[in-house]
Amino acid sequence: MAEIRLRNIAKRFGDYQALHSIDLTIADREFMVLLGASGCGKTTLLRIIAGLESPSEGEVWIGDKRVDDLPPRERGISMVFQNYAIFPHLTVFDNIGFGLKMHRLPQKTIRERVHRTAKMMHIEQLLDRYSGQISGGQRQRVAVARALAMEPDVILMDEPLSNLDALLRLEMRAELKGVLAQSDTTAIYVTHDQIEAMSLADRISVMHRGKIVQSDSPVHLYRYPADRFVAGFIGNPPMNILPATPIGDGRWQVANREFEGPRVDAKNIEFAIRPEDMHLADEGIEGRVQVVEPLGPHLLLTCDVAGCPFRATVDNDHAVNPGDIRYFAPQPDRIRWFDPLTDLALA
Amino acid sequence: MRPHLLPWLLILPVTVFLGVFFLAPFVMVAKQAFVVDGVFSLGHFAQVASHWKFPIALKNTLLLALAVVPVQLALALLMATLVTKMRKGRDLVLYIWTIPLGISDLAAGIIWLAIFEQSGFLNSMLVALGLGETPSVLLSYQSPGMVFLAIALAEIWRATAIMLVILVAGIGLIPKEYHEAASVFGASPWQRFLRVTLPLLRPSLQTALVLRVILAFEVFAVVVALGGSLFPVLMSETYAYQFELLDSGGAAAIALVILGISVAFTLVILRILRVPKGAQA
Amino acid sequence: MSGDMRLASRYLYGATIALLTIWVLVPLGLLLINTLSSPEAVNAFPKRFWPEFDLGSLRFFAGFDGMIDALFNSIWVAGLTMVLSILIGAPAGYALSRFDFPGKETFRLLVLLTRAFPLPLLALPMAIAFIRLGIDDTIFGLGLVHTMLALPFAVLITFSLFSGIPIELEEAAWTLGCTRFGAFCRVVLPLILPGITASAIFAFVISWNEVFAAAVLTIENRTLTAFLLQNLDTSPLHLKFAGGFILVVPALVFIFAVRKYLFAMWGIANR
């Protein structure tokens with residue numbers, strides 16, 4: 001049983017506030033991804049859970065043990081580092097068995113477990129090598145094997161795939177997901193790559209400026225961004241945002257069109273739609289096409305809508321040229337509304 | 001143990017050691033120099049400065065530094081640029097060029113004595129080439145120029161390596177791309193050296209010059225080995241005051257003069273070669 | 001550039017390197033010739049430019065009254081300097097590379113500052129202090145002063161060595177069950193040992209070569225450098241050359257042993 005609870009975690013480095021009162025519960029066996037741009041505090045949060053940093057305020061609970069005063073070795077965690085941190089003076093076997101040896105397990109158990117995890121990660125043939133003699137992808141596998149061999153309650157991963165090239169990353173991503181699904185381990189995974197986050201996570205926590213702005217399942221996060229930051233951060237290209245002015249009775253003027261919206265008393269709010277949630281139509285939001293980018297399966301159009309930049313992805317059988325005036329019809333159920341004062345989504 | 005106490009615990013031994021063997025002796029030497037019969041006085045300085053040998057020692061020390069350091073700087077820069085371009089045999093050449101780094105000034109003095117003494121290799125060669133009949137005394141009070149030359153050569157031979165090492169390390173830290181960029185934009189090798197290498201090398205030049213200049217003011221055993229008392233320098237005067245005149249106040253006064261010159265030159269070098277904030281590589 | 005000019009510049013390049021190599025090696029060779037010649041040959045004129053391979057000079061050196069004692073004094077002092085400077089310096093180097101703590105910059109500055117001083121001069125007041133402490137004219141006392149000379153280098157070199165070991169390796173060891181000390185012993189120490197050895201040898205050579213402080217602080221228990229310096233006026237040529245040769249030998253070994261680290265050490269010590 002290893003549920004992780006973070007209560008009111010704050011971290012200051014001198015005058016700089018890296019984390020603001022983080023509250024987060026991660027369920028037993030859940031795969032949680034901390035997603036955010038660099039400098040958002042996600043790695044700091046992971047390191048606080050690992051015990052490599054201590055929080056300025058707040059409590060860290062792993063299972064029913066409060067751990068924020070415990071050193072890393074007493075927390076029942078193991079970790080995969082961004083640069084793998086394979087001990088260069090030890091063989092792959094000794095690297096994977098390092099933690100087991102530290103916990104004074106019998107030789108026989110160590111040997112069995114090292115072989116089992118090595119097999120699981122497809123590196124049995126490398127056990128006698130040193131880290132200088134294996135490739136980056138293989139080092140990555142050793143790092144994961146070393147963490148898994150501990151059979152930890154919690155496995156922490158700090159951008160473990162970011163040093164691999166694109167193809168290897170894709171391969172390791174799937175493998176990692178498979179291996180972890182079979183184990184009983186709670187996983188926390190830090191990344192700045194939203195595709196990686198979506199593909200791996202049971203739940204994603206989006207972090208921004210030292211705060212968690214939204215924790216949700218990947219699909220929900222994509223469909224229902226809680227605020228403008230998430231709307232802009234998740235999805236590539238990001239959500240389009242246009243100003244909306246009230247007409248009354250829950251109806252809003254957006255560019256040249258009227259839309260049914262939230263019944264709130266505000267001077268202006270914001271209309272948001274994902275580029276792929278629209279199609280070209282005879283009538284709709286009017287935009288002048290500025291750039292046409294063929295992306296294979298579809299075309300990405302960058303347009304000017306009433307002075308605002310506006311992107312849409314459309315089928316590649318349309319013939320669209322820069323300078324054309326086109327009309328975009330949004331799928332009504334995919335329209336979101338934001339309050340520009342609070343940046344929060346309006347129901 | 002509280003983890004944040006650990007770093008202080010780790011630096012405590014060095015701090016104590018520096019306090020006892022660096023700061024305290026510094027204060028003691030100042031006290032010796034400035035106190036005569038229990039009261040503050042510049043007596044030691046006045047007495048030392050009025051000795052006929054002092055201006056000569058001061059002049060010799062400064063002249064030697066002035067003659068040696070620029071040559072060493074140029075030589076070290078030349079060696080460093082040559083060696084960074086090398087492909088084959090780089091390690092061997094670097095090993096040979098850095099050997100003098102490990103050689104003491106006394107040994108260096110003795111080595112050059114083998115060349116310059118009366119029955120030495122220089123005279124042997126001159127005679128063998130028919131440029132002289134009998135060996136002449138090269139290192140005597142009648143030939144101060146030759147004494148100076150011998151000492152300067154020994155110093156250049158011995159102590160260029162320290163600058164070389166610092167500069168080679170410094171050049172190693174400069175990313176190749178800057179050179180490639182410069183050559184793409186049409187800079188000749190000489191321009192690249194002048195406009196890219198030298199400015200980016202400033203921190204290393206700083207370190208190399210500071211270390212070297214201080215060592216130049218400390219010059220002692222080379223001078224004693226080659227010139228004996230023919231070529232008084234500040235350091236040998238300090239030694240003479242301490243042991244021959246048994247005047248530790250005078251020795252301390254000269255020591256402070258050396259210290260003062262060293263610190264002054266360090267500040268000047270740091271000032272001239274300072275790297276503007278934000279321009280660090 | 002024409003082919004001829006390119007060829008010429010290639011030759012110039014090679015010739016400059018050869019010339020500089022000769023410049024460094026020839027004086028050493030001449031010392032070697034003198035050392036490996038009989039005392040008679042050393043004092044004769046003109047000199048031969050080839051050694052006789054006669055051990056007479058070295059035998060004279062070994063038999064010279066007090067010389068062997070001085071040699072051993074030098075070894076003891078340098079050994080003590082080596083051990084002390086690493087034991088005292090390495091922890092500070094580790095602290096500088098691994099921690100951010102208030103006063104770190106001041107500390108670093110203090111260490112760097114020592115390099116802007118002619119340190120051997122500080123032996124002058126120590127001579128008097130050591131008499132009061134009863135450690136005047138001892139190997140221990142001189143070892144302490146030589147440790148002072150070697151310590152700034154030991155701190156800065158170990159700092160750069162430790163900085164070369166990614167902190168993640170230590171952190172990984174912590175998460176795998178090591179204490180801080182355990183991680184240091186099992187991960188950092190094996191990786192850093194060759195570098196520590198190199199900086200220890202460096203400390204040894206600093207002490208081995210030091211002349212001024214040794215001459216000021218020892219009277220009866222002279223080190224080799226101090227002994228040679230003291231007897232420069234009176235000793236015959238062959239004794240000087242044999243002594244110089246003995247002084248030089250560790251230098252050759254030292255540079256060879258640390259050649260891999262020499263540049264890495266200075267590259268970071270610059271900052």
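Note that these values count all heavy atoms, side chains included, but never hydrogens, waters or copies made by symmetry. Proteins get letters first, then strands, A, B, ... in listed order; numbering begins at 1 in each.
- Using modelled atom types, no side-chain atom of C:W23 and backbone atom of B:W157 make a donor-acceptor pair closer than 3.5 Å.
- Neither the backbone nor the side chain of C:L87 has a heavy atom closer than 4.5 Å to any heavy atom of chain B.
- Counting only heavy atoms from C-beta outward, the side chains of B:I11 and C:F99 never approach each other to under 4.5 Å.
- With a threshold of 4.5 angstrom between heavy atoms, B:L267 does not approach chain C through any atom at all.
- Looking at C:F256, both its backbone and its side chain come within 4.5 Å of chain B, counting heavy atoms on both sides.
- The stretch residues 247-262 of chain B participates, sequence neighbours left out, in no salt bridge (charged side-chain N to carboxylate O under 4.0 Å, His left out) pair at all.
- With a 4.5 Å cut-off on non-hydrogen atoms, C:F107 touches chain B through its side chain but not through its backbone.
- With a 4.5 angstrom heavy-atom cutoff, B:I156 touches chain C via backbone and side-chain atoms both.
- With respect to chain B, the highest number of heavy-atom pairs below 4.5 Å among C:F241, C:F254, C:Y94 belongs to C:F241.
- The contact between C:P102 and chain B is made by backbone and side chain atoms together, counting heavy-atom distances below 4.5 Å.
- With sequence neighbours excluded, no residue forms a salt bridge (charged side-chain N to carboxylate O under 4.0 Å, His left out) with C:R222.
- In this structure, the side chains of C:L122 and B:F22 come closer than 4.5 Å at one or more pairs of heavy atoms.
- Side chains of B:F121 and C:N34 form a contact here, defined as non-hydrogen atoms less than 4.5 Å apart.
- Residue contact with chain B, scored on non-hydrogen atoms closer than 4.5 Å, is absent for C:A154.
- Only the side chain of B:V93 comes within less than 4.5 Å of a heavy atom in chain C; its backbone stays farther off.
- What you find for B:L82 and C:Y13 is that their closest heavy atoms are O-OH, 2.9 Å.
- Both the backbone and the side chain of C:L119 come within contact range of chain B, each with at least one heavy atom under 4.5 Å from a heavy atom of that chain.
- If you measure heavy-atom distances from C:L151 to chain B, the contacts under 4.5 Å come from the side chain alone.
- Residue C:V216 touches chain B through both its backbone and its side chain, counting heavy-atom pairs closer than 4.5 Å.
- Residue B:L153 touches chain C through both its backbone and its side chain, counting heavy-atom pairs closer than 4.5 Å.
- Contacts with chain C were tallied for B:L94, B:V263, B:V213, B:V210; B:L94 has the most, counting heavy-atom pairs under 4.5 Å.
- At a 4.5 Å heavy-atom cutoff, C:S85 makes no contact with chain B through either its backbone or its side chain.
- At a threshold of 4.5 Å between non-hydrogen side-chain atoms, the residues B:M28 and C:I128 do not count as touching.
- Looking at B:F243, only its side chain comes within 4.5 Å of chain C, counting heavy atoms on both sides.
- Taking 4.5 Å as the limit, some side-chain heavy atom of B:T238 sits within range of a side-chain heavy atom of C:F212.
- Shown here for C:A95 and B:P7, the closest heavy-atom pair between the two residues is CB-O, 3.9 Å.
- For chain C, the nearby parts of B:K85 are the backbone and the side chain; heavy atoms of each come within less than 4.5 Å.
- Neither the backbone nor the side chain of B:I254 comes within contact range of chain C, judged by heavy atoms closer than 4.5 Å.
- Residues of residues 107-116 of chain B that come within less than 4.5 angstrom of chain C, heavy atom to heavy atom, are B:A107, B:I110, B:I111, B:W112, B:L113, B:A114, B:I115 in numerical order.
- Within the 4.5 Å cutoff, the side chain of C:L121 has no heavy atoms near those of the B:F26 side chain.
- Each of B:L18, B:L75, B:L259, B:V29 has some count of heavy-atom pairs under 4.5 Å with chain C, and the biggest count is that of B:L259.
- Heavy atoms of B:F220 lying under 4.5 Å from chain C belong exclusively to its side chain.
- Contacts between B:T266 and chain C at a heavy-atom distance below 4.5 Å involve the side chain alone, from C-beta outward.
- Using a 4.5 Å cut-off on side-chain heavy atoms (C-beta onward), B:V20 and C:L144 make no contact.
- The greatest number of non-hydrogen atom pairs below 4.5 Å with chain C, out of B:Q32, B:Q242, B:M235, B:Q206, is found for B:M235.
- When all heavy atoms are compared, the tightest approach of B:A255 to C:L124 is CB-CD1, 3.9 Å.
- Sequence neighbours left out, the pairs with a member in residues 96-123 of chain B that pass salt bridge (charged side-chain N to carboxylate O under 4.0 Å, His left out) are B:E117-C:K47.
- Summarising the geometry, atom CZ belonging to B:F21 is positioned 12.5 Å from atom NE2 belonging to C:H146; distances are rounded to the nearest 0.5 Å.
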